[in-house]
Amino acid sequence: MKQFPDFLKAIPHKFGPKEEQVLKRAYEFSYKAHQGQKRKNGDPYFLHPREAAITLGQIFPDSSTLAATLLHDVPEDTAFSIEKLETEFGPEIAHLIDGVTQLGQVRMKDSKDKFYVENLRKLFIATSQDIRVILIKLADRIHNMRTISFIPPDKQLKVAGETLEIYAPIAARLGIGSWKDELEDLSFKIVYPKDYVTTQKLLDEELESRKESVKEMEKMLHHILRTEGIKYLEITGRIKRLYSLFRKLQKYQKDLSKVHDIIALRIITKSTADCYAALGVIHKHFQPLPGRIKDYIATPKPNGYQSLHTTVFNKESKTFEIQIRTDLMHEEAERGVAAHWFYAEEGKPEGVGRVQANWIKELQSWQEETKNPEEFLESLKIDFFRDRIFVFTPKGDIKDLPAGASVIDFAFAVHTDLGYHMMGAKINGKMGSIFDELENEDTVEIIKIKKEAVISRDWLKAAKTHSAHNRIRHYLNEHNQSIINRIKELKLKDFTLPRFFRKK
Ligand code: MN
């Protein structure tokens, strides 16, 4: 067995004695529980949770979360139950492990529904209950993707497709750039093997042809910043990741000259003021490309990303992208939301108060309100989606509905026509009424009739969504109008319409 001290050394964090103790117990428990089990490549199974924990430890070295990562496959794959884990490790760690186990049941199915993937992402987030569960699941997936070559090709394709559609976008939404990049490139190779090879070739050629000019540009930047007295920590080159290059090329009809950021130079500074100062002197010496100056410091991206971007012409009139950011912004771009908690725990306020994706905004207000880190971690439990339910069609498509929605809302969400022709429903295989309120993860099959359903005002009361309301109202108006027309046809001139038909 790989030894515990090596495991600790692989995580760049100093744990307290109590934390270390918990980690050691989890490490040994998991090792024993998985003993004798092998991964597809012949490795002892325990190496998987160990690697996942090391991966997570790089960005979020929280001892309870890492203990849960070490134990994440124990309830499903070994003789030990979640109850046993709760007795051994307490409710917090057990709650995290249980979340990971449940999340493992959210699987992607073949679906043509265009909202399916977005809804699956939401379901994924809602099911996980606690954002730490998502972090564990992402670390688990990273290690599975790194070792994917050992599983059968058809399974590879399924896992990689799911990673590309669900896991990588979630990592992106959480602002964890390093994980998003790795998940995308590992899946890209499997999902689009031909495009992977051509994109790689294109990139290699581009890098080769621009090697010298990049070196020269870097030298010039050092010189300019120094002579102008701008403080900075370092300049590094950053090469565009393959999948992101592929996506950009698709957008620009494969015209490589339209992609300006294949190679970017990155200037890292200590302070925000130095970022703007550096941008100023760069524009003094190089002509900027109009429309390409982006101030993500003043207006961060929705996932919290901050940086200044500009594209300038060198003396051969070739374009170069330059990115300028502080070391803190750089770290946050790699670690995303995990960095914020880490700062919160260490009591550094600089990491806090940045703009986050909408559903992370709430985390921040909690972060400001709760000074105690334990209380804060407890408050991380996600209830952003507590007002939403996710309902399945018999084919496995998911509809995202407000809590309290009825069969009527569901039918109209699937198809307008289905709404107009429904007479009943099977809810989880049992007969139900169209007025029944639905619950999270119900599977609903609408029973249709050939002719139009008789829609009454009661439908309005049972419907919660705007779209169902609009359609029901539309029907009621049309229906009334057709009665009025028939009365007109009959030339009943002196006929007085009942009040109900005279509205408007
Ligand atoms: Mn696993």
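Start at 1 and go down the list; that is how both ligands and their atoms are numbered. Everything quoted here is computed from the prediction, not taken from an experiment. All values below come from the heavy atoms of this structure, side chains included, with hydrogens, waters and symmetry mates left out.
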Enquirer: Please determine if K180 and E184 form a salt bridge, counting it only when a charged side-chain N lies under 4.0 Å from a carboxylate O.
Expert: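 E184 and K180: salt-bridged.
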Enquirer: Could you check whether R141 pairs with E162 (Lys NZ or Arg NE/NH1/NH2 to Asp/Glu carboxylate O, under 4.0 Å)?
Expert: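 Result for this pair is yes, salt bridge flagged.
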Enquirer: I'd like to know if E28 and K24 make a salt bridge, using a cut-off of under 4.0 Å between side-chain N and carboxylate O.
Expert: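 Salt bridge present between E28 and K24.
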Enquirer: Looking at D140 and K137, is any side-chain nitrogen of the basic one under 4.0 Å from a carboxylate oxygen of the acidic one?
Expert: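 Looking at D140 together with K137, the answer is yes, because their closest N to O distance falls below 4.0 Å.
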Enquirer: Listing by chain and number, what protein N/O/S atoms are under 2.8 Å from the Mn ion (ligand 1)?
Expert: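 Correct list: H48 NE2, H72 NE2, D73 OD2, D140 OD1.
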Enquirer: Report yes if the distance between the aromatic ring centroids of Y196 and F246 is under 6.0 Å, otherwise no.
Expert: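 No - the distance between ring centres of Y196 and F246 does not fall below the 6.0 Å cut-off.
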Enquirer: Any ion pair linking D185 and R241 (charged N to carboxylate O, less than 4.0 Å)?
Expert: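 Looking at D185 together with R241, the answer is yes, because their closest N to O distance falls below 4.0 Å.
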